[in-house]
Engineer: 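I'd like to ask some things about the structure below.
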Amino acid sequence: MREKSRHIRLASARSADYLKELSEQDISASPIAIPNVYSITDNAEKLTETIGFQTGGFYIMNPSSVFTANILTSLMPDYPYILDVSSAPGGKTCAIADLLKNRCAIIANEPSPKRLKSLQFNIEKYGSYSVRTVSMDGRSLHKVFDGFFDGILLDAPCSNENKIGRNKTVNAEWTQELTERMAKLQKEIAHSAFHSLKEGGVMVYSTCTFAIEENEEVVKYLLDSFDCELIDINKGQYTKGISGHEDIDGRIIRFLPHLDEYDGFFIAALRKKGEPSTGGSFVRLKPDKDIQTFFTEFPEYTEIYEKGGSRYLTTRMDRSINFKSNGIMLFKREGELTSQAFWQLADFVKDELKTQTDYSGALRYLKGFDIDMPADYHGGAVFYKDIPVGMSKPVQGMLKNKLDRYFLYGKNIEW
């Protein structure tokens, strides 16, 4: 088995040079075959202390997971409606939003209230304003969203066999009965999810386990149960399936730990028969005084809504239900841009609002402290070189820290 590397996925919708910061901190990052994914070979333990990580510039995740998001987004129409069925902690959800430049509307479902906190934290941190969250049993999604989505990601709960040998809990708890129980649950969730697709829509099914019962057999169940087709995502380039079903094995992908440097993973994509889905629609954003104060331009397909005195940035969706969260907070109060919105939209911030700090000042700010005001102060948008650090307010020769304390306390969320 090959030695595993740590990997990061860079935020492709931001222009900040996060790789330069890594190089300055002697963290070696080498590109791999998947766009915007890098292998970290030296000083990986320093990643979480960087500005880039703390402000959502990159996500530490395995390439197998990024590959899954890439497959789904490559099969989507313009402005798709997407469901992530079991999404916490949010790596794939945020990857999908980023790959589509948030020009989409995503519903991220997480049944566990505890894990929902980590999902919502990452949505804010990584600027995934196209994402709304719900907390529903995956087996009943079709009761609310029947025939609604252009794309669905079902990264199914599984027996986690890829962790056997390096996770004592997984190793101790694995049984054949567990595999059979998980396969039953996967089919039930997949059945509900597939009902939630539009005609012509695509569902990507994935797991991080090896058992045929949890992988190829679930795909066969869907093919037998619905008028659908299995998309050839392998194209002769990757390890094939091992079920013996010739019409399935050559069209899916298996990443295997003894052959690949990535985590073990199974990926398949199925399309519901019908004309290709056409996605949703959006309306142009109405002029907003605060937006015009901070930004030279703004994504035109966004929407803003108000709740409890704060305004939130999201995207248009033709469905109104009781979401747990909607997009990301844009203005905490009138005239006060949030740091998380600034991290994502820094490319549009007016030059006259930008102020530079040094590296130690940036790290001190991200610990929640006020920082010294530089002699060449321009405005409250604090940068380290081209990397957005956070929003501030000048008070008696200092820059008062306006970082939402959520990003300090959130670091202790259980994942």
Side-chain angles (χ1 to χ4, degrees), residues 59 61-62 64-73 80-97 104-123 126 128 130-146 148-163 170 178-179 181-197 201-211 213-215 217-219 221-222 263-270 321 323-325 413-415:
Y59 200 113
M61 64 189 300
N62 195 271
S64 302
S65 297
V66 184
F67 199 86
T68 306
N70 284 356
I71 289 173
L72 180 63
T73 56
Y81 288 174
I82 293 174
L83 170 67
D84 189 346
V85 176
S86 184
S87 52
K92 299 181 192 68
T93 309
C94 294
I96 292 168
C104 56
I106 302 171
I107 293 180
N109 179 56
E110 177 48 54
S112 165
K114 187 176 181 181
R115 286 169 56 82
L116 183 65
K117 292 181 180 179
S118 65
L119 171 64
Q120 293 179 166
F121 175 83
N122 280 325
I123 288 168
Y126 291 93
S128 301
S130 57
V131 182
R132 296 165 171 83
T133 63
V134 293
S135 187
M136 300 171 59
D137 187 320
R139 293 167 291 190
S140 61
L141 289 164
H142 66 286
K143 296 178 181 179
V144 178
F145 299 113
D146 188 52
F148 183 68
F149 295 102
D150 301 284
I152 293 177
L153 172 61
L154 172 51
D155 186 42
C158 66
S159 58
N160 291 311
E161 290 173 335
N162 74 322
K163 296 181 180 179
V170 173
L178 173 64
T179 296
R181 188 171 71 249
M182 296 309 300
K184 180 178 182 294
L185 175 63
Q186 289 155 356
K187 290 174 182 176
E188 292 171 348
I189 297 174
H191 193 275
S192 177
F194 216 81
H195 272 296
S196 302
L197 274 179
V202 173
M203 185 171 84
V204 171
Y205 176 81
S206 64
T207 75
C208 57
T209 200
F210 305 127
E213 296 93 325
E214 298 182 60
N215 293 315
E217 290 299 328
V218 176
V219 172
Y221 168 78
L222 290 171
D263 279 357
F265 227 73
F266 175 92
I267 312 171
L270 301 101
I321 68 170
F323 295 110
K324 295 293 184 181
S325 66
I413 286 176
E414 294 185 31
W415 304 83

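In this text the structure is predicted, and so the values were computed from the model without any measurement. Scope of the values below: all heavy atoms of this structure, side chains included, with no hydrogens, waters or symmetry mates.
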Engineer: Taking ring-ring contact (aromatic ring centres under 6.0 Å, His included) as the definition, give me every residue that meets it alongside Phe149, ordered by chain and number, with sequence neighbours left out.
Structural biologist: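 In terms of ring-ring contact (aromatic ring centres under 6.0 Å, His included), with neighbours along the sequence ignored, Phe149 is linked to Phe145.
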Engineer: At what distance, to the nearest 0.5 angstrom, does OG of Ser86 lie from CD1 of Ile189?
Structural biologist: 6.5 Å
Engineer: Taking C-beta and beyond as the side chain, do Asp155 and Ser206 meet within less than 4.5 Å on heavy atoms?
Structural biologist: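 In short, these two side chains touch, coming nearer than 4.5 Å.
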Engineer: If you compare all heavy atoms of Lys187 against all heavy atoms of Tyr221, which two are closest, and at what distance to 0.1 Å?
Structural biologist: O-CE2, 3.6 Å
Engineer: In chain order, what residues pass the salt bridge (Lys or Arg N to Asp or Glu O under 4.0 Å) check against Lys184, with sequence neighbours excluded?
Structural biologist: Glu188
Engineer: Should Asp84 and Lys92 count as an ion pair when the cut-off is N to O under 4.0 Å?
Structural biologist: no
Engineer: Search all heavy atoms of Ala269 against all heavy atoms of Val204 and return the closest pair with its distance.
Structural biologist: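 That closest heavy-atom pairing would be CB-CG2, 4.1 Å.
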Engineer: Can you give me the closest heavy-atom contact between Thr209 and Phe266, atom names plus distance?
Structural biologist: O-CB, 4.4 Å
Engineer: Does Ala88 have any side chain to side chain contact (heavy atoms under 4.5 Å, CB included) partners at least two apart in sequence or in another chain, and if so, which?
Structural biologist: Glu110, Arg115, Ser118, Leu119
Engineer: Compare every heavy atom of Ile267 with every heavy atom of Ser64, then report the nearest pair and how far apart it is.
Structural biologist: O-CD1, 4.2 Å
Engineer: To the nearest 0.5 Å, what is the distance between OG1 on Thr133 and CE on Met136?
Structural biologist: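 If we round to the nearest 0.5 Å, Thr133:OG1 and Met136:CE are 12.0 Å apart.
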Engineer: Distance check, rounded to the nearest 0.5 Å: Ile96 atom CD1 versus Ser130 atom OG?
Structural biologist: 9.5 Å
